[in-house]
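To keep things clear, I will list the structure first and then write my remarks on it.
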Amino acid sequence: MGIGTAMYNGVSGLSSFSSAMGTVSDNIANSASTGFKSNSINFGDMVNSYYSINSNDTEGAGSGSIVLGVSTDWAQGTILNSSQWSNVCMSGEGFFVLNDPITSRVYYTRDGAFHLDGGGNLVNLQGLIVQDINGAPLNVPNQTDYITFRIETDGMIYGTDSTGVENFLGQMGLATFSNKDGLVRQGNNLYMAGPEVGVTITNSTNPGNFGQILDYSLEGSNVDIAKQMVDMIIYQADYNANSKTITTCQNMMDTTINMVR
């Protein structure tokens with residue numbers, strides 16, 4: 001292994017910890033995003049040759065580090081109070097199911113900031129329609145006929161009319177997966193099912209697999225700011241250390257060049 005290889009090792013380290021800082025900064029930026037799940041980065045070593053050693057053993061020569069992937073922490077976020085009945089959160093397992101009325105794409109989210117649109121559809125802030133337990137749009141017909149609404153812990157929605165009669169209006173659809181790490185993040189607090197999600201489980205067939213739905217509530221981000229700050233300090237120190245290896249190798253090269261002048 002020569003000086004040039006050592007410099008490239010430092011460059012790979014700079015790239016890895018630059019990506020790590022990007023992950024930390026994204027977590028911090030979303031510390032107030034509803035239903036956001038924090039991410040952590042995973043590193044791996046690279047080997048491209050063998051050490052030149054006078055031994056029967058062969059040992060792979062390292063060529064720096066690489067980012068293997070990003071892991072999502074699916075832990076429950078803090079439950080926050082809300083003044084709107086249509087703001088809901090999952091306490092436990094499960095995702096709300098949304099459908100894009102334009103593209104018909106299905107999305108999943110932990111962000112329960114919903115409201116009724118002009119057509120009586122329960123929608124999120126981007127206008128995606130919440131699906132009911134049968135996979136159809138969750139619609140409240142004649143919504144002006146009801147004075148108050150409430151949602152049971154199993155997602156059943158009831159509206160009370162002016163006579164005090166309570167009417168069943170529908171049940172929210174929920175989904176979860178045997179491998180949640182297979183979900184693909186789409187932005188706007190949304191996920192899509194990737195090829196590695198495994199088995200999709202819904203509350204229409206397995207209601208016991210889900211947590212409780214709470215109305216007048218939202219799930220906050222599960223980002224631990226203190227941990228992110230510690231990670232930032234560590235990654236910055238590692239970044240500085242890798243930059244130091246490059247400048248040290250440069251000094252060694254300068255010394256070698258000066259020896260033959």
Side-chain angles (χ1 to χ4, degrees), residues 30-37 74 76-176 183 185-193 201-204 207 209-223:
N30 285 284
S31 59
S33 296
T34 307
F36 179 79
K37 302 302 180 184
W74 297 105
Q76 176 81 44
T78 304
I79 297 177
L80 309 172
N81 291 329
S82 171
S83 59
Q84 299 185 38
W85 71 269
S86 56
N87 285 345
V88 294
C89 77
M90 283 295 308
S91 176
E93 188 74 18
F95 294 83
F96 301 109
V97 184
L98 307 176
N99 182 270
D100 188 332
I102 299 176
T103 65
S104 297
R105 291 178 178 172
V106 177
Y107 296 92
Y108 304 94
T109 186
R110 294 281 294 194
D111 182 359
F114 303 139
H115 65 276
L116 293 175
D117 65 9
N121 293 312
L122 190 65
V123 298
N124 74 345
L125 297 177
Q126 288 79 42
L128 304 183
I129 302 176
V130 179
Q131 302 298 283
D132 68 12
I133 194 170
N134 298 313
L138 187 50
N139 183 271
V140 178
N142 305 317
Q143 56 180 295
T144 56
D145 293 344
Y146 304 102
I147 300 174
T148 61
F149 298 89
R150 69 180 182 88
I151 302 177
E152 290 284 346
T153 56
D154 58 0
M156 291 187 178
I157 303 175
Y158 295 89
T160 302
D161 60 26
S162 58
T163 65
V165 176
E166 192 171 61
N167 301 272
F168 172 71
L169 303 176
Q171 184 175 4
M172 303 179 75
L174 303 174
T176 190
L183 290 171
R185 183 179 170 190
Q186 300 295 306
N188 295 323
N189 301 332
L190 301 173
Y191 297 90
M192 290 187 70
I201 305 167
T202 65
N203 62 334
S204 62
N209 287 9
F210 297 88
Q212 295 183 334
I213 296 178
L214 306 177
D215 57 3
Y216 293 95
S217 303
L218 288 172
E219 180 183 4
S221 168
N222 69 349
V223 173

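Hydrogens, waters and symmetry mates play no part in the numbers below; they use all other heavy atoms, side chains included.
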Test log, rule side-chain contact (heavy atoms from CB on, under 4.5 Å), inputs Val106 and Asn99: CA-CA 5 Å; Val106 177; Asn99 182 270; 4.0 Å; yes
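- Aromatic ring orientation, Phe149 versus Trp85: parallel (interplanar angle below 30°, classes split at 30° and 60°).
- Taken from CG in Asn134 to OG1 in Thr202, the straight-line distance is 9.5 Å, to the nearest 0.5 Å.
- Closest heavy-atom contact between Val97 and Ala175: CG2-CB, 3.8 Å.
- A donor-acceptor pair under 3.5 Å is absent between the side-chain atoms of Asn188 and the main chain of Leu190, judged by distance alone.
- Residue Phe95 is tested with Tyr107, Phe210, Trp74 for a ring pair (Phe, Tyr, Trp, His ring centres under 6.0 Å); the sole match is Trp74.
- Atom OH of Tyr216 is separated from atom CD1 of Ile151 by 9.0 Å, given to the nearest 0.5 angstrom.
- Looking at Ser33, its side chain never comes within 3.5 Å of a backbone N or O of Ser31 through a donor-acceptor pair.
- Remark: side-chain polar atoms of Glu219 are not paired, donor with acceptor, to backbone N or O of Gly35 under 3.5 angstrom.
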Lys37 and Arg185: CA distance, side-chain angles, deciding distance, side-chain contact (heavy atoms from CB on, under 4.5 Å) verdict: CA-CA 10 Å; Lys37 302 302 180 184; Arg185 183 179 170 190; over 6 Å; no
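- Put simply, CZ on Arg150 and CG on Asp215 are 8.5 Å apart, with the number rounded to the nearest 0.5 Å.
- Looking at residues two or more places apart in sequence or on another chain, you find no side chain to side chain donor-acceptor pair (under 3.5 Å) involving Thr34.
- Atom CG of residue Asn30 and atom CZ of residue Phe36 lie 4.0 Å apart, to the nearest 0.5 angstrom.
- Nearest approach of Ser204 to Ile133, heavy atoms of both residues: CB-O, 3.4 Å.
- Of the possible donor and acceptor atoms, none in the side chain of Asn121 sits under 3.5 Å from a partner among the backbone N and O of Val123.
- At most 12 heavy atoms of other shown residues, nucleotides or ligands fall within 6.0 angstrom of atom CZ in Arg105.
- With contacts defined as side-chain heavy-atom distances shorter than 4.5 Å, the pair Ser86/Leu116 does not qualify.
- Panel note: side chain Asp145, backbone Asp161; no donor-acceptor pair is recorded below 3.5 Å.
- Although no hydrogens or angles enter the test, the distance criterion places a donor-acceptor pair under 3.5 Å between the side chain of Gln76 and the main chain of Met90.
- Formation of a donor-acceptor pair under 3.5 Å by the Asn203 side chain with backbone atoms of Leu174 is found in this model.
- Remark: side-chain polar atoms of Ser91 are not paired, donor with acceptor, to backbone N or O of Gln212 under 3.5 angstrom.
- The shortest non-hydrogen separation linking Phe114 to Met172 is CE1-CE, 3.7 Å.
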Residues Leu98, Val130; criterion side-chain contact (heavy atoms from CB on, under 4.5 Å); working and verdict: CA-CA 5 Å; Leu98 307 176; Val130 179; 3.6 Å; yes
Evaluation steps, side-chain contact (heavy atoms from CB on, under 4.5 Å), between Thr160 and Ile147: CA-CA 6 Å; Thr160 302; Ile147 300 174; 5.6 Å; no
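- With rounding to the nearest 0.5 Å, the separation of CD1 in Ile157 from CD in Glu152 is 11.0 Å.
- Between Ile213 and Gly155, the shortest heavy-atom distance links the atoms CD1-CA, 3.5 Å.
- Looking at Ile79 and Ser217, their side chains come closer than 4.5 Å, going by heavy atoms from C-beta outward.
- Considering all non-hydrogen atoms of both residues, Arg110 and Phe96 come closest at O-CE1, 4.2 Å.
- Gln143 contributes a side-chain N or O that, together with a main-chain N or O of Asp117, makes up a donor-acceptor pair within less than 3.5 Å.
- The line from OH of Tyr108 to CD of Gln131 is 9.5 Å long, rounded to the nearest 0.5 Å.
- Side-chain atoms of Gln171 come within 3.5 Å of backbone N or O of Asp154 as a donor-acceptor pair.
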Test log, rule side chain to side chain donor-acceptor pair (under 3.5 Å), inputs Asp111 and Thr109: CA-CA 5 Å; Asp111 182 359; Thr109 186; 5.1 Å; no
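- Legend: residues meeting side chain to side chain donor-acceptor pair (under 3.5 Å) with Thr103, ordered by chain and number and at least two apart, are Asp100.
- Considering all non-hydrogen atoms of both residues, Gly220 and Leu80 come closest at CA-CD1, 4.0 Å.
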